[in-house]
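One structure below.
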Amino acid sequence: MHFENSLTFARQLDQSDPLRSYRDRFYIPERNGKPLTYFCGNSLGLQPKTVRHALDQELAVWQQHGVDGWFEGENPWLTIHQRCKKPLAQIVGAKPSEVCPMNNLTVNMHLLLTSFYQPRGNRTKILTIGGDFPSDQYALETHVQSRGLKPDEILIEVFPRTNEYTWRTADILDAIEQHKDSLALVLMSGLHYYTGQVFDMAAIAQKAHKAGVLVGFDLAHAVGNIPLQLHDWGVDFAFWCSYKYLNSGPGGVSGLYVHEKHHETALPRLAGWWGYDESRRFEMTKGFVPMPGADGWQLSTPTVLAMAVHHAALQITAEAGMKALRQKSELLTGFLEFVLNETADLTFMTPANEAERGCQLSLLIPKNGKSTFNYLAEQGIIGDWREPDCIRLAPAPLYNTFEEVWQVGEIFRTK
Ligand SMILES: *Cc1c(COP(=O)(O)O)cnc(C)c1O
């Protein structure tokens, strides 16, 4: 698309935006009675207006029915997770049986590592990217230690080349090839939190499988941001959080995915009663019998209140559909890149190629980065600062507008 750096042009794009009505479904934070320009959905998505009612409903059930809320009311709590499965499956490109909302992200990462990291013989290593999200690094390090192994000997980290910010797919594929006889697992982010780079998950999965290696992705920044086809790509397992692009509230329920091909196998797992065969759960008998599919990784009684919020929020993303969201997102982020290039001399860490990024742009500002960030904040632009020199701006297609993008450009110009 040919962009123009003008308010009129931005407003035209908003006029012709098929998703423009979705903004009204969210509360936009304000300062002094004026809406803030919230480009921080990569950290915490905004509150959908429907979640308070969803929460109130469950509070009312609790108030009126007490423990019977598990079985009574319109939507008994016992099956609350099932209502999230259909929209989740649609959003990540999976079958409903392959996904389940549960726990929190890092917890799910450990649970899935227990199942899918099975070092055997020469195949003991885990290939990942260097500089992944800290929680993922700590989880890998300590998970490996918990098996009595040494992280230095087990973890293979692939880095961007010198003087490059992002990874070349070929380098990741070459690393898999190079280590193929010693690898047990490939586990990495599907979309890098810092640079905003989208990895070629299909190609990585294909390469890993050819080498007989399992592959899993952390989709914290990918879910609700870019279209995913986890089932068709053959990805073995994945996990995500719901408080970023899925707008399910601070610390909201996480989710995981396990490919159908693993549903019949007796994978090792850390189990709890909520993963036990539902039809017999309350018989309370000895010996763990898992639920089939992703549900079998549940451990504990679900956090019903958080799940009610999650369910309400998921409806919005599922209704908009990842295809339409992605179309708008490419335009919105493309427009942001365009206006920033028009108005300031900036370095982008995020790939220029649309296929290799989601909605986030990461700006490298080596000099006075923090003061630039503070200036933006004073002007009502909420982005996110990462030490030592990075500003992340993420226009979310569900609630951000082209006019807001244009304003950001203006503020950079007048700085
Ligand atoms: C946000 C994020 C997390 C956060 O993990 P929690 O367990 O939800 O605190 C982990 N990994 C990545 C890649 C993230 O972007």
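Not measured: the values here are computed from a predicted model. In listed order, ligands and their atoms are each counted from 1.
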So which of Val107, Thr106, Asn104, Asp218 gets nearest to atom 7 (O) of ligand 1, if we judge by its closest heavy atom? Thr106
Under 3.5 Å, is there a donor-acceptor pair between the Asn122 and Asp181 side chains? no
Go through the steps to decide whether Leu185 and Leu113 satisfy the test side-chain contact (heavy atoms from CB on, under 4.5 Å), and finish with yes or no. CA-CA 9 Å; Leu185 183 65; Leu113 273 168; 3.7 Å; yes
Look at ligand 1 and say whether Met109 reaches it with a heavy atom at a distance under 4.0 Å. no
Tell me yes or no: between the side chains of Tyr22 and Glu319, is some donor less than 3.5 Å from an acceptor? yes
Verify the distance criterion only: is there a donor paired with an acceptor across the side chains of Thr166 and Thr195 at less than 3.5 Å? no
Nearest non-hydrogen protein atom to atom 9 (O) of ligand 1, with distance, is Tyr243 OH, 3.5 Å
Sub-3.5 Å N/O-N/O distance, Asp136 and ligand 1: yes
Ring centres under 6.0 Å, that's the criterion: do His221 and Phe133 meet it? no
In ligand 1, which numbered atoms sit nearer than 4.0 Å to a non-hydrogen atom of His221? 15 (O)
Please confirm whether Asp132 comes within less than 3.5 Å of ligand 1 when only nitrogen or oxygen atoms on both sides are compared. no
Passes side-chain contact (heavy atoms from CB on, under 4.5 Å), Ile204 versus Phe217? Steps please. CA-CA 10 Å; Ile204 292 167; Phe217 291 107; 4.0 Å; yes
Give the numbers and elements of all ligand 1 atoms closer than 4.0 Å to a heavy atom of Ser189. 13 (C)
